[in-house]
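Some notes on the structure that comes next.
Values below: all heavy atoms of this structure, side chains included; hydrogens, waters and symmetry mates excluded. All values reported here derive from a predicted model rather than from experimental measurement.
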Amino acid sequence: MLPSVHSDDDLESLKALPPEDLYARLALWMVDASQEDIAAFWQHYKTVDNRANEINDLIFINWSRIDPQAAVDAAKGTPDEHYTWWAWACHDPAGSLAAVMAQNPGRLNNVTWGLGEFHPDWVREHWDEIPSEGQNNALQGMAKWDDVGNPLDILTFLQDKGYGFHPGIFKVLIGKDPWAAYEWIQESGGKVSTPWGGSQDTLGSFVNLVAEQHPEMLEKLAAQTPSGELKWKMEAALFANLLKTDPEAAKEQALANTAPKVAIDQLSAVGISLLSSDPDQAFAMAERIFSLDPDALSGMTTIHYGGGGSGWGSGAPEANRLIASLVSRDPARTLEMVMGTDPSSGHRSSFQQVANIWAQQDLDGYADWVGRQDDPSTHTQGVNVMVSRLTESGRFDDAVEWAMSLKESENRYNYLPNLIHQWGRSDRQAAVEWLENSGLPEDQITRLQSSLPAQP
């Protein structure tokens with residue numbers, strides 16, 4: 001048997017304690033304190049400035065254990081009365097409910113909150129005995145704590161009575177009985193209402209939590225789940241957990257994956273995890289991504305058919321995050337890696353996206369790189385990004401100089417009409433003066449003058 005522990009404090013020593021030491025010492029003292037002892041301490045503590053709620057709770061929980069009516073009488077008519085009714089409910093569900101209805105129905109909400117917090121099973125069994133005006137507070141009290149003893153029953157009761165989904169209790173249920181949690185999700189249809197309105201994807205929450213706590217179960221579920229969104233979520237969660245627990249195995253799985261979209265997501269995650277520890281390997285993951293899909297950053301799927309094609313996509317956020325990080329580390333290496341892809345398979349799109357990231361991070365550094373490119377196609381694409389970034393920044397004089405750096409064979413006149421129009425909207429006189437001094441052929445100047453917005 002454990003030895004008995006008794007407090008060495010008395011009323012005076014407790015009064016002298018600093019606030020940070022009071023709770024533990026007071027709790028031990030109250031194990032043996034009488035109703036008179038607790039009443040005496042309350043007479044002192046209620047005069048203390050900046051009282052702590054947890055001390056008020058401790059006092060009235062213990063006082064109500066011995067004599068709840070005396071505790072209520074001691075605080076009757078004061079701002080502290082709510083503690084007493086809540087604490088009475090902790091020890092005597094039926095008695096506290098009867099007493100509050102007989103003595104002070106205005107404190108019903110305090111009692112029903114305490115019933116839900118301390119006796120959720122009693123609330124479920126006696127729900128119809130709780131006055132309707134106190135039922136919502138009973139649900140609020142029931143939802144206060146996550147780690148309840150019977151999470152499935154509480155979760156279901158809260159949902160049935162209109163409180164909504166409780167993610168904390170749901171997480172506890174997954175930890176205790178993941179199969180029961182899965183069956184509950186199936187019965188609820190995968191989406192449930194929330195206390196603050198709207199709905200929550202319980203399937204997504206379930207998959208992520210089970211991947212961490214019971215990966216072996218999720219593997220079984222994924223194996224028997226037909227292809228579709230749920231199976232994809234399960235496999236993605238399993239991979240994320242594998243990346244945490246066995247990075248090398250995750251890397252091998254990503255490299256071996258033959259489904260391009262899934263492989264790109266996995267390779268991106270591996271690359272991001274390697275950015276600090278092994279940047280060369282992070283670049284290798286990016287190279288693998290572009291070898292699978294040169295247009296990977298757009299996340300587009302294209303269907304080609306006779307005479308045309310169509311595409312759709314929702315982006316590839318993880319791939320974009322990886323590439324943005326690689327640009328920050330070595331922008332030239334990243335862009336030249338993209339240039340190594342097949343130009344006919346999306347080189348132009350990926351080049352523009354990576355170049356834009358670089359230009360956003362370091363426009364001067366990007367401009368220096370573009371100025372050193374001899375290949376006409378690369379130079380043209382590089383200038384295109386420069387002109388766009390400078391135009392967006394209102395630096396029209398610099399933008400037209402970059403456009404003029406293109407050779408006629410690089411279609412520099414494709415840029416000038418829109419550029420002159422945008423400049424004219426911002427500063428018409430400056431645009432007119434540039435045209436007059438541009439040295440362009442007269443027919444070109446005349447054509448570009450027509451691009452200027454009409455004078456107000």
Report yes if some heavy atom in the side chain of Ile59 is under 4.5 Å from a heavy atom in the side chain of Leu26; otherwise report no.
-> yes
Nearest-0.5 Å distance, CG of residue Leu267 to NZ of residue Lys251 = 10.5 Å
Residues Trp369, Asp364; criterion side chain to side chain contact (heavy atoms under 4.5 Å, CB included); working and verdict | CA-CA 9 Å; Trp369 182 88; Asp364 292 339; over 6 Å; no
Atom of Ala269, atom of Leu243 and distance for their closest heavy-atom approach | O-CD2, 3.6 Å
Verdict with reasoning, Glu117 to Met142, per side chain to side chain contact (heavy atoms under 4.5 Å, CB included) | CA-CA 5 Å; Glu117 181 176 349; Met142 188 179 290; over 6 Å; no
Would you say Asp32 has more than 12 foreign heavy atoms packed within less than 6.0 Å of its CG?
-> yes
Straight-line distance of Asn136 CG to Asn109 CG, nearest 0.5 Å | 8.0 Å
Any idea which heavy atoms bring Leu297 and Asn320 closest together, and the distance?
-> O-ND2, 2.8 Å
Tell me, yes or no, whether the heavy-atom count around Trp232 atom CH2, taken from other residues, nucleotides or ligands under 6.0 Å, exceeds 12.
-> no
Heavy-atom distance under 4.5 Å between the side chains of Leu58 and Tyr23, does that happen here?
-> yes
Report the relative orientation of the aromatic rings in Trp423 and Phe396; use parallel for angles under 30°, tilted for 30 to 60°, perpendicular for over 60°.
-> parallel
For Gly77, does its backbone N or O pair with a side-chain atom of Glu81 as donor and acceptor, under 3.5 Å?
-> yes
Spacing of NE2 belonging to His119 relative to SG belonging to Cys90, to within rounding of 0.5 Å | 5.5 Å
What do the steps show when you test Asp73 against Gln69 for side chain to side chain donor-acceptor pair (under 3.5 Å), and what is the final call?
-> CA-CA 6 Å; Asp73 293 342; Gln69 189 63 61; 3.1 Å; yes
Side-chain donor-acceptor pair present, Lys171, Gln213, cut-off under 3.5 Å = no
Salt bridge or not for Lys261 and Asp265, using N-O below 4.0 Å?
-> no
Any Lys/Arg nitrogen of Asp80 or Arg51 sitting under 4.0 Å from an Asp/Glu carboxylate oxygen of the other?
-> yes
Would you check if Thr156 and Glu187 make a side-chain contact, meaning some heavy-atom pair closer than 4.5 Å?
-> no
Under 3.5 Å: donor-acceptor pair, side chain of Thr47, backbone of His44 = yes
Minimal non-hydrogen separation, Leu115 against Ala89, with atom names = N-CB, 3.8 Å
Please step through side chain to side chain donor-acceptor pair (under 3.5 Å) for the pair Gln361 and Ser328, ending with a clear verdict.
-> CA-CA 7 Å; Gln361 294 181 0; Ser328 297; 3.1 Å; yes
Can you check side chain to side chain contact (heavy atoms under 4.5 Å, CB included) on Ile289 and Leu322, steps first, answer last?
-> CA-CA 11 Å; Ile289 288 170; Leu322 171 61; 3.9 Å; yes
Step by step, would you call Tyr83 with Asn53 a side chain to side chain donor-acceptor pair (under 3.5 Å)?
-> CA-CA 9 Å; Tyr83 291 107; Asn53 284 333; 2.7 Å; yes
Sub-3.5 Å donor-acceptor pair from the side chain of Arg329 to the main-chain atoms of Leu275, do we have one?
-> yes
State, to 0.1 Å, how close Trp402 and Gly371 come at their nearest heavy-atom pair, and which atoms those are.
-> CH2-N, 4.2 Å
Quick one: does Thr225's side chain have a donor or acceptor within less than 3.5 Å of a partner on Leu221's backbone?
-> yes
For Trp85 and Ser96, test the side chains for any donor-to-acceptor distance below 3.5 angstrom and give the result as yes or no.
-> no
Has the side chain of Asp177 got a donor or acceptor atom that lies under 3.5 Å from a matching backbone atom of Leu173?
-> no
Is Arg124 salt-bridged to Asp153, cutoff N-O under 4.0 Å?
-> yes
CD on Glu287 to CG on Leu292, rounded to 0.5 Å | 12.0 Å
Smallest heavy-atom separation, Ser350 atom then Ala296 atom, equals OG-N, 4.4 Å
Rounded to the nearest 0.5 Å, how far apart are CH2 of Trp122 and CG of Asp92?
-> 9.0 Å
Okay, side chain of Gln352, backbone of Gln381: is any donor-acceptor separation there less than 3.5 Å?
-> no
Could you give me the CA-CA distance, side-chain angles and deciding distance for Glu235 and Gln266, then say whether side chain to side chain donor-acceptor pair (under 3.5 Å) is met?
-> CA-CA 10 Å; Glu235 291 175 344; Gln266 292 181 349; over 6 Å; no
Side chain His214, main chain Ala211, donor-acceptor under 3.5 Å | no
What do you reckon, is NZ of Lys144 surrounded by more than 12 foreign heavy atoms closer than 6.0 Å?
-> yes
Are there more than 12 heavy atoms of other residues, nucleotides or ligands under 6.0 Å from atom CZ of Arg321?
-> no
What is the ring orientation for Trp63 with Phe60, classed by angle as parallel under 30°, tilted 30 to 60°, or perpendicular over 60°?
-> parallel
Are Arg372 and Asp368 side-chain neighbours, meaning at least one heavy-atom pair lies under 4.5 Å?
-> yes
Arg395 with Asp398: basic N within carboxylate O range, under 4.0 Å = yes
Should Leu242 and Leu238 be marked as a side chain to side chain contact (heavy atoms under 4.5 Å, CB included) after you check the CA-CA gap, both sets of side-chain angles, and the distance that decides it?
-> CA-CA 6 Å; Leu242 181 64; Leu238 284 168; over 6 Å; no
Look at the side chain of His166 and the backbone N and O of Leu158, then say whether any donor-acceptor pair between them is shorter than 3.5 Å.
-> no
Kindly indicate whether the side chain of Val210, heavy atoms from C-beta on, has any atom under 4.5 Å from the side chain of Tyr182.
-> no
For Trp29, which residues count as a ring-ring contact (aromatic ring centres under 6.0 Å, His included) partner, sequence neighbours excluded?
-> none
Can you find a pair of side-chain heavy atoms, one from Glu252 and one from Leu255, that are under 4.5 Å apart?
-> no
Thinking salt bridges, do Asp280 and Arg333 make one under a 4.0 Å N-O criterion?
-> yes
Are the side chains of Lys15 and Leu11 in touch, meaning some heavy atoms are under 4.5 Å apart?
-> yes
Minimum heavy-atom distance between Leu152 and Trp184, given as atom pair plus value = CD1-CD1, 3.7 Å
Here the gap from Trp88 atom CH2 to Asp67 atom CG, rounded to the nearest 0.5 Å, amounts to 8.5 Å
Donor-acceptor pair, Asn137 side chain versus Trp113 backbone, under 3.5 Å?
-> no
Decide yes or no for Lys161 and Trp127: does some side-chain heavy atom of the first lie under 4.5 Å from some side-chain heavy atom of the second?
-> yes
Is a donor on one side and an acceptor on the other found under 3.5 Å between the side chain of Asp9 and the backbone of Leu14?
-> no
